[in-house]
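Working notes, beginning with the structure itself.
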Amino acid sequence: MGERGGPWWAAASLAVLVRPQLWAVALRQLRRLAPSGWWRHWPPLPLPAQDYLRFRAETMYGDADHPLDPDDVVTWLQWCRSR
């Protein structure tokens, strides 16, 4: 995934930070999507695997290198919360 305009996860984190109702679901999804041993790789963050993110970007935007839009991450978390 491209890092155009900074890391996607920083902008997505800020978008979630201002929405306390999404904190629990965001942590739950991070736990589910983080690869095993995520702390052994730099940066030591529980981010989803690059292959998964590229697949999601390809299916959502038609470009595997398109950075994830923070609004789309919020929309997805709201959907997860409603389930």
L77: which of V73, V74, T75 passes side-chain contact (heavy atoms from CB on, under 4.5 Å)
V73
Under 4.5 Å between side-chain heavy atoms, counting indirect links through other Ile/Leu/Val/Met/Phe/Trp/Tyr residues: same cluster for V16 and L14 or not?
yes
CG/L68 to CZ/R56 distance, rounded to the nearest 0.5 angstrom?
9.5 Å
Kindly list each side-chain donor-acceptor pair under 3.5 angstrom involving residues 30-42, sequence neighbours excluded, with atom names and distances?
none

Name all residues meeting the ring-ring contact (aromatic ring centres under 6.0 Å, His included) criterion together with Y61; count only those two or more places apart in sequence or in a different chain, and write none if there are none.
H66
Taking atom CD of E58 and atom CG of L53, what is their separation to the nearest 0.5 Å?
13.0 Å
List in chain and number order the residues that pass side chain to side chain contact (heavy atoms under 4.5 Å, CB included) with L27, two or more places apart in sequence or in another chain; answer none if no residue qualifies.
none
Transitive ILVMFWY cluster of F55, excluding itself - 4.5 Å side-chain cut-off:
none
Quick one: side chain to side chain contact (heavy atoms under 4.5 Å, CB included) partners of A11, sequence neighbours excluded?
P70
Using 0.5 Å steps for rounding, measure from the CH2 atom of W8 to the CG atom of L47.
5.5 Å
Using the test side chain to side chain contact (heavy atoms under 4.5 Å, CB included), find all partners of R83 that sit at least two apart in sequence or belong to another chain.
W79
For the student: nearest non-hydrogen atoms of D69 and D71, plus distance:
OD1-N, 2.7 Å
I'd like to check the side chain to side chain contact (heavy atoms under 4.5 Å, CB included) partners of R81; sequence neighbours left out, ordered by chain and number.
Q21, L22, V25
